[in-house]
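Residue numbers start from 1 in every chain, and the chains themselves are labelled A, B, ... in the order their sequence lines are given, proteins ahead of strands.
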Number of protein chains: 2
Amino acid sequence: MNPHQHQPHPPAHHTATQAGTQAGTQAGTQAGTQAGTQARGRRRRATLLAAAVALLTEGGFAAVTHRAVAQRAHLPLAATTYYFASRDQLLAEAFAQLVETELDTTRAWIADHGLTALPDQLATADRTRQLGLWELYVHAGRDPVLQQIAHRWTDGCIRLVADTLHLPHTDPRARLLYTTLATLWLEHVVEQRPLDETRTLLTLAMENALRPP
Amino acid sequence: MNPHQHQPHPPAHHTATQAGTQAGTQAGTQAGTQAGTQARGRRRRATLLAAAVALLTEGGFAAVTHRAVAQRAHLPLAATTYYFASRDQLLAEAFAQLVETELDTTRAWIADHGLTALPDQLATADRTRQLGLWELYVHAGRDPVLQQIAHRWTDGCIRLVADTLHLPHTDPRARLLYTTLATLWLEHVVEQRPLDETRTLLTLAMENALRPP
DNA sequence: GATAAACTGGCACACTCGTACCACTTTCAC
DNA sequence: GTGAAAGTGGTACGAGTGTGCCAGTTTATC
């Protein structure tokens, strides 16, 4: 029986990414059941999601089709509609996961190398992956659910900058530095501008942001 | 006879936007001929382009299909493939035109209201239009031709900021201010963040950028 | 007028897409 | 065990896509 016939979605196979979307829909049904069977199902779902992220990374979200995802995950086509209510939901979760991974990666990188070395991370990082990320970010403007994730992403980045500079999360200096950072990053990803320029501008922006008012 | 069968593209019905793509392809053939016939053709091409821009504006570039463009322009389907070698070319020219229009609009607005009032323009402006614009900007990262247009767009914006501040085009202060501006703009378009915050941040960024080093 | 080129518009091919459908097997609670 | 629920996978439908094709018409040049 396909669970999407009349209900939004059954299993709790998700990371804490789309909490707001379906919290509170008849919480009683999923009480004691679904424990053993779903171990494998959960794995399958994760495989599909990973495949979606990979495809997104390589070809933008136009590449994330049910068939492509299924093939990539070595699973039958119908598995995609079984574990995800629609393509939109698949995309949303892929976006959320991508954002989370990206934030973690960057956080670790900054902890190791410092903020000024960020341009070097740009050079190293997977450009097409970030292209997909930004693609989804802009696309998020057309979809309320995605918009929420996009907002969280920005907030995460701002917090990241603030933490690195040992500033409070709401400090406008961190906020402003992030805006510069974001554009430089986006321009690097889209236009592939020379790295030297980016490096220079970033240092300048940091000096600017950190000198006393 | 369809001109796209074996040649890239025949008529010179284009604004000076994609100069690099087909300059120098047998310049002799289009000498004295094609002057009167093409008046109407040129108009049709422009109509199609306008339709493409409109669709882009409303539904992102997923909405720009041959059929949709043709219907919107009240022209037969085949006209789209006659005047544009492919959908990609249509998108590229639509992007170029959108960029040009947007730059002009913003220039005029700044001339009238000043740079600090830019957030108000954001509030007024057509959000979905700019969503389409940014969509194409990011998408440009995957296509060399579009990438070039994207680059020109950024340069145009930077120049715009520099001119407004009466700074030389290469002044890093203008460059940096633009980066902040761009992110605030993008965030407004995608995330619909509160306008007050944007206003405050912009003023802060301007003070920051303009005070002496 | 005649000839060639530019242009027109209807049509269909070959394809991909999201998703519904359904017979089937596995797992779990009793 | 037995029956219900969860999970599986093959298939097909209907819609929409880019684009090629081609018999026509209009226009420009001679």
Side-chain angles (χ1 to χ4, degrees), chain A residues 1-13 26 28-48 52 55 59-71 73-92, chain B residues 1-13 26 28-48 52 55 59-71 73-92:
Chain A
M1 177 212 182
N2 189 317
H4 301 309
Q5 238 70 309
H6 301 106
Q7 299 298 336
H9 211 217
H13 298 154
Q26 13 114 34
T29 48
Q30 52 183 35
T33 39
Q34 55 172 258
T37 318
Q38 295 186 343
R40 185 171 130 123
R42 212 165 348 203
R43 241 177 301 136
R44 287 194 146 209
R45 211 185 122 98
T47 309
L48 286 170
L55 286 165
F61 58 73
V64 185
T65 68
H66 281 148
R67 283 169 179 82
V69 170
Q71 188 165 19
H74 301 292
L75 289 174
L77 173 60
T80 59
T81 60
Y82 184 76
Y83 288 105
F84 298 90
S86 70
R87 180 178 177 257
D88 283 344
Q89 197 199 335
L90 180 55
L91 273 173
Chain B
M1 176 212 183
N2 190 317
H4 302 308
Q5 237 70 310
H6 302 105
Q7 300 297 338
H9 211 214
H13 298 155
Q26 16 121 31
T29 47
Q30 52 183 37
T33 39
Q34 56 171 256
T37 319
Q38 294 187 341
R40 186 173 132 120
R42 211 166 349 202
R43 240 177 300 136
R44 287 196 144 206
R45 209 185 123 101
T47 309
L48 286 170
L55 286 165
F61 60 73
V64 184
T65 68
H66 281 147
R67 283 169 178 81
V69 170
Q71 189 166 17
H74 301 292
L75 289 174
L77 173 59
T80 59
T81 59
Y82 183 76
Y83 288 106
F84 299 90
S86 69
R87 180 180 177 257
D88 284 345
Q89 197 200 335
L90 180 57
L91 273 174

Nucleotide [N], atom [atom2] - distance to [atom1] of [X] in whole Å:
X: A/Gln89; N: C/dT19; atom1: CD; atom2: P; result: 11 Å
X: B/Leu90; N: D/dT19; atom1: CG; atom2: C1'; result: 13 Å
X: B/Arg42; N: C/dA6; atom1: CZ; atom2: P; result: 14 Å
X: B/Leu48; N: C/dG9; atom1: CG; atom2: C1'; result: 13 Å
X: B/Gln71; N: C/dG10; atom1: CD; atom2: P; result: 13 Å
X: B/Asp88; N: D/dT19; atom1: CG; atom2: C1'; result: 13 Å
X: A/Arg45; N: D/dT8; atom1: CZ; atom2: P; result: 13 Å
X: A/Leu75; N: D/dG10; atom1: CG; atom2: P; result: 11 Å

> So, for A/Pro76 and A/Ala70, which heavy atoms are closest and what is the spacing to 0.1 Å?
Replying inline: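 Looks like O-CB, 3.7 Å.
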> For A/Leu90 and A/Ala52, which heavy atoms make the closest approach, and how far apart are they?
Replying inline: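 For A/Leu90 versus A/Ala52, the nearest heavy atoms are CD1-CB, 4.0 Å.
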Indicate whether OP1 or OP2 belonging to [N] is found under 4.0 Å from a side-chain N or O atom of [X].
X: B/Tyr83; N: C/dT8; value: yes
X: A/Arg40; N: C/dT26; value: no
X: A/Arg44; N: D/dG9; value: yes

With sequence neighbours left out, what residues match [X] under side-chain contact (heavy atoms from CB on, under 4.5 Å)?
X: A/Leu77; result: A/His66, A/Arg67, A/Thr80
X: A/Thr47; result: A/Ala73
X: A/Arg43; result: A/Arg40

> Do any N or O atoms from the side chain of B/Arg87 and from the backbone of B/Val64 form a donor-acceptor pair under 3.5 angstrom?
Replying inline: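 Yes, the answer is positive, given that a donor and an acceptor are paired below the 3.5 Å cut-off.
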>> So, taking the atom named OH in A/Tyr83 and the one named CG in A/Leu75, what distance separates them when rounded to the nearest 0.5 Å?
In response: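 Those atoms lie 8.0 Å apart.
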Enumerate the protein-to-nucleotides 11-18 of chain D contacts in which both atoms are nitrogen or oxygen and the separation is below 3.5 Å.
residue	atom	partner	partner atom	Å
D/dG18	OP1	B/Arg87	NE	3.3
D/dG18	OP2	B/His66	N	3.1
D/dG18	N7	B/Arg67	NH1	2.8
D/dG18	O6	B/Arg67	NH2	3.0

